[in-house]
Enquirer: 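Structure below; questions to follow.
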Protein chains: 2
Amino acid sequence: MATGRTHRPATRSRGIPEATVARLPLYLRALTALSERSVPTVSSEELAAAAGVNSAKLRKDFSYLGSYGTRGVGYDVEYLVYQISRELGLTQDWPVVIVGIGNLGAALANYGGFASRGFRVAALIDADAGMAGKPVAGIPVQHTDELEKIIQDDGVSIGVIATPAGAAQQVCDRLVAAGVTSILNFAPTVLNVPEGVDVRKVDLSIELQILAFHEQRKAGEEAAADTVVPPVAARKQPHSTDQGPDGDVPAVMQA
Amino acid sequence: MATGRTHRPATRSRGIPEATVARLPLYLRALTALSERSVPTVSSEELAAAAGVNSAKLRKDFSYLGSYGTRGVGYDVEYLVYQISRELGLTQDWPVVIVGIGNLGAALANYGGFASRGFRVAALIDADAGMAGKPVAGIPVQHTDELEKIIQDDGVSIGVIATPAGAAQQVCDRLVAAGVTSILNFAPTVLNVPEGVDVRKVDLSIELQILAFHEQRKAGEEAAADTVVPPVAARKQPHSTDQGPDGDVPAVMQA
DNA sequence: CCATCTTTGTGCACGCGTTCACAAAGACAT
DNA sequence: ATGTCTTTGTGAACGCGTGCACAAAGATGG
């Protein structure tokens with residue numbers, strides 16, 4: 001295998017555009033679905049539709065990985081699944097610790113999408129001593145005191161913070177000090193991390209506020225339009241948003 | 001920009017760049033914290049640091065809202081809180097329905113960030129008849145059959161989908177048909193919606209995969225560097241990513 | 001073996017977003 | 001009032017991401 005790996009255009013120094021990296025998981029999901037239906041090949045047009053993106057964008061994205069398609073035919077599903085998985089680093093096992101086992105932490109622990117890809121929940125950690133030993137998603141919760149030991153013993157490099165905002169920075173510091181270099185933060189706080197550590201932020205409240213902004217704008221435009229265009233027709237076009245023309249929107253930002 | 005801004009080039013005279021809109025909630029949070037500490041004014045530099053962004057960016061962002069600062073002094077905290085809140089549409093009440101009350105749905109229902117801003121959980125909806133009436137976060141869960149009635153009675157325009165992937169599209173269709181025009185989707189699926197409906201997607205699995213990609217890259221570069229540069233110095237600069245230079249990365253995309 | 005048809009891969013242009021750098025504006029002291 | 005000092009607001013340059021449009025590549029059929 002790895003035949004197409006002949007020329008390695010820019011795999012390392014040049015790097016893949018961040019926007020492309022963010023879409024690879026999307027493609028991978030669509031491809032996995034096709035794979036399960038035993039579809040052998042897929043065209044950029046079809047795959048793009050399934051992933052909700054523009055086909056030209058998809059082709060360009062794939063071009064960064066190399067030339068894995070066959071003109072006149074399309075892409076080999078299985079091969080592409082493998083290539084993207086490898087590119088994303090999913091062919092190896094990533095132990096992950098989740099800190100803060102409240103409602104959200106439990107939800108994350110139970111989330112199937114973890115194990116399905118290369119991720120494995122190495123430990124669930126909570127500051128509440130009363131939770132210690134209690135199993136969540138089949139994994140016993142451990143106390144915060146064990147954090148450093150767990151991370152070092154299991155070689156954990158990815159941590160998920162699902163604590164209240166007040167505890168997030170402190171937990172983050174400990175994770176980083178213990179060796180974690182990638183953090184997924186669900187707490188509504190800006191985390192301060194040293195250079196070399198990646199932080200991605202998922203913020204519920206922010207997402208809703210962005211929706212509210214657009215919702216307000218739609219209401220305003222509709223009202224303005226109603227005073228001019230009474231007919232029912234042409235009522236739902238301000239702003240659009242379906243995936244046809246597609247629109248990626250930065251929503252979660254590095255913090 | 002965001003959403004498929006197919007036509008209508010400039011989002012009306014009142015066009016605030018999408019990237020700016022996405023940061024406003026960040027500023028608002030930092031400002032709220034300052035407000036609670038009774039800080040009267042704040043400079044762009046200070047506020048930018050608190051929000052984890054570049055100060056020039058922040059000033060430009062605010063310039064889209066108008067000139068709310070005083071040169072030589074900074075910005076009036078209270079005034080800015082109000083202006084941003086108004087711009088985001090948070091001065092009005094937004095009833096929200098959450099569909100799919102599993103672990104995640106429950107976590108969302110309990111999330112304090114909802115009520116704190118202009119959002120109000122109008123209803124919790126689940127397909128499991130056994131859950132009907134059971135209170136979650138003090139709100140009784142209602143059966144899916146009630147969905148349309150609830151949305152219309154309460155004038156709900158924002159819906160949150162926290163169902164399994166398989167049910168998401170169906171739920172989405174019903175929400176839209178009932179009048180919802182903004183959807184926050186937690187299910188790992190590309191939602192198909194008619195024009196005029198906004199969809200924002202939060203995908204756990206995708207976030208982790210992006211982290212894995214960077215993690216892999218860091219490991220690769222480190223290994224490569226070790227074979228060439230033994231010294232300990234200059235070891236943690238591949239990619240960086242802390243908030244100093246700041247790096248926003250599209251992670252959640254419209255679907 | 002040639003013609004035709006399909007689909008990829010990409011050069012190019014365009015527009016958005018970020019950042020720099022500085023003039024303008026106001027506060028404050030004298 | 002005048003000068004100095006601070007901080008905003010923004011013009012301009014630059015880089016990245018997107019999408020168009022097309023040539024190249026390969027399949028397919030005669």
Side-chain angles (χ1 to χ4, degrees), chain A residues 4 7 9-10 14-24 27 40-49 51-77 79-80 83 243-251 253-254, chain B residues 1-11 15-24 27 40-49 51-77 79-80 83 243-251 253-254:
Chain A
H7 45 247
R14 205 56 63 225
I16 300 173
E18 190 60 28
T20 295
V21 173
R23 280 188 294 268
L24 290 182
Y27 302 146
T41 61
V42 64
S43 72
S44 64
E45 204 70 51
E46 292 169 320
L47 185 54
V53 303
N54 179 297
S55 71
K57 195 187 295 183
L58 178 144
R59 288 198 300 275
K60 181 149 291 189
D61 284 341
F62 285 175
S63 79
Y64 292 118
L65 309 183
S67 294
Y68 295 147
T70 304
R71 297 175 191 227
V73 176
Y75 298 92
D76 183 280
V77 172
Y79 187 54
L80 205 44
Q83 290 299 341
Q243 50 251 74
D246 176 48
D248 302 3
V249 179
M253 27 200 36
Q254 219 118 22
Chain B
M1 82 242 51
T3 30
R5 151 134 346 97
T6 353
H7 336 294
R8 194 159 288 203
T11 310
I16 299 176
E18 190 60 27
T20 295
V21 172
R23 280 188 296 266
L24 290 182
Y27 302 145
T41 62
V42 64
S43 72
S44 64
E45 204 70 51
E46 293 169 320
L47 185 54
V53 304
N54 178 296
S55 71
K57 195 188 292 183
L58 178 144
R59 287 199 300 276
K60 179 145 290 193
D61 283 343
F62 285 176
S63 78
Y64 292 118
L65 309 184
S67 294
Y68 295 146
T70 304
R71 298 176 191 226
V73 176
Y75 299 91
D76 182 280
V77 173
Y79 187 55
L80 206 44
Q83 290 298 342
Q243 50 251 78
D246 177 46
D248 302 3
V249 178
M253 28 200 34
Q254 217 118 24

Enquirer: Kindly indicate whether the side chain of A/Val53, heavy atoms from C-beta on, has any atom under 4.5 Å from the side chain of A/Asp61.
Expert: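 A side-chain contact is absent here, since even the closest heavy-atom pair is not under 4.5 Å.
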Enquirer: Could you say whether A/Arg59 or A/Gly72 is positioned toward the 5' end of DNA chain D, judged by the nucleotide with the nearest heavy atom to each?
Expert: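 Its nearest nucleotide being more 5', the pick is A/Arg59.
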Enquirer: Contact between A/Asp76 and A/Thr70 at the side-chain level, heavy atoms closer than 4.5 Å - yes or no?
Expert: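 The answer is no, as the side chains (C-beta and beyond) never meet within the 4.5 Å cut-off.
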Enquirer: Tell me the interatomic distance from A/Glu45, atom CD, to D/dG19, atom P, rounded to whole angstroms.
Expert: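 Taking CD of A/Glu45 and P of D/dG19, I get 13 Å after rounding.
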Enquirer: Side chain of A/Ser63 only, heavy atoms from C-beta on: which candidate in C/dT10, C/dT18, D/dA27 is closest?
Expert: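 Nearest to the side-chain atoms of A/Ser63, counting from C-beta on, is C/dT10.
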Enquirer: Select one nucleotide: of C/dG17, D/dT18, C/dT18, the one nearest the side-chain heavy atoms of A/Lys57.
Expert: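 Of all the options, the side chain of A/Lys57 is nearest to D/dT18.
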Enquirer: Figure out the CG/P separation between B/Asn54 and D/dT8, and round it to whole Å.
Expert: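 The answer, rounded to whole Å, is 13 Å.
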Enquirer: Under 4.0 Å between a side-chain N/O of B/Ser44 and OP1 or OP2 of D/dT8, yes or no?
Expert: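 For B/Ser44, the contact criterion (side-chain N or O under 4.0 Å from OP1 or OP2 of D/dT8) is met.
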Enquirer: Got A/Glu46 and A/Tyr75 here, is their nearest side-chain heavy-atom distance under 4.5 Å?
Expert: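 SC-SC contact between A/Glu46 and A/Tyr75 ruled out.
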Enquirer: Do B/Tyr79 and B/Tyr68 have their ring centres less than 6.0 Å from each other?
Expert: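 So the answer is yes for these two rings.
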Enquirer: Starting the side chain at C-beta, find the nucleotide from D/dG19, C/dT8, D/dT18 nearest to A/Ala19.
Expert: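 Closest nucleotide among those given: D/dT18.
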Enquirer: Pick the nucleotide of DNA chain C nearest each of B/Thr70 and A/Thr70; which residue has the one closer to the 5' end?
Expert: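 Its nearest nucleotide being more 5', the pick is A/Thr70.
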Enquirer: How many whole angstroms separate atom CD of A/Glu18 from atom P of D/dT18?
Expert: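 It is 12 Å, rounded to the nearest whole Å.
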Enquirer: Quick check: do B/Leu80 and B/Tyr27 have side-chain heavy atoms less than 4.5 Å from each other?
Expert: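 Heavy-atom side-chain distance check fails, nothing below 4.5 Å.
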Enquirer: Please work out if B/Phe62 contacts a base, only the sugar-phosphate, or nothing of the nucleic acid, heavy-atom cut-off 4.0 Å.
Expert: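 Nothing: the residue B/Phe62, judged by heavy atoms under 4.0 Å, touches no strand.
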Enquirer: Measure OH/A/Tyr68 against P/C/dG9 and give the value in whole Å, please.
Expert: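 Value for this atom pair: 11 Å.
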Enquirer: Rounded off to whole Å, could you give me the CG-to-C1' distance for the A/Leu47 and C/dT8 pair?
Expert: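 Between C1' of C/dT8 and CG of A/Leu47: 13 Å.
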Enquirer: Which is more 5' along DNA chain D, the nucleotide nearest B/Gly74 or the one nearest A/Asp61? Just name the residue.
Expert: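 By nearest-heavy-atom nucleotide position, the 5'-most residue is B/Gly74.
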Enquirer: According to a strict under-4.0 Å criterion, is A/Lys60 in side-chain N/O contact with OP1 or OP2 of C/dT10?
Expert: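 No, A/Lys60 has no side-chain N/O under 4.0 Å of OP1/OP2 on C/dT10.
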Enquirer: Write down the distance between CD (B/Glu46) and P (D/dT6), rounded to a whole number of angstrom.
Expert: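 Interatomic distance, CD of B/Glu46 to P of D/dT6: 14 Å.
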Enquirer: Got a donor-acceptor pair under 3.5 Å from the side chain of B/Arg71 to the base of D/dT7?
Expert: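 Under the 3.5 Å cut-off, the side chain and the base do not form any donor-acceptor pair.
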Enquirer: Given atom CG of A/Leu58 and atom P of D/dT18, what is their separation to the nearest angstrom?
Expert: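 After rounding, the gap between these two atoms is 12 Å.
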Enquirer: Would you say B/Tyr64 reaches C/dC16's phosphate, i.e. side-chain N/O to OP1/OP2 under 4.0 Å?
Expert: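 So the side chain of B/Tyr64 is outside the cut-off, no N or O lying under 4.0 Å from OP1 or OP2 of C/dC16.
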Enquirer: Rounded to the nearest angstrom, tell me the gap between atom CG in A/Leu65 and atom P in C/dT10.
Expert: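 Rounded to the whole Å, the gap is 12 Å.
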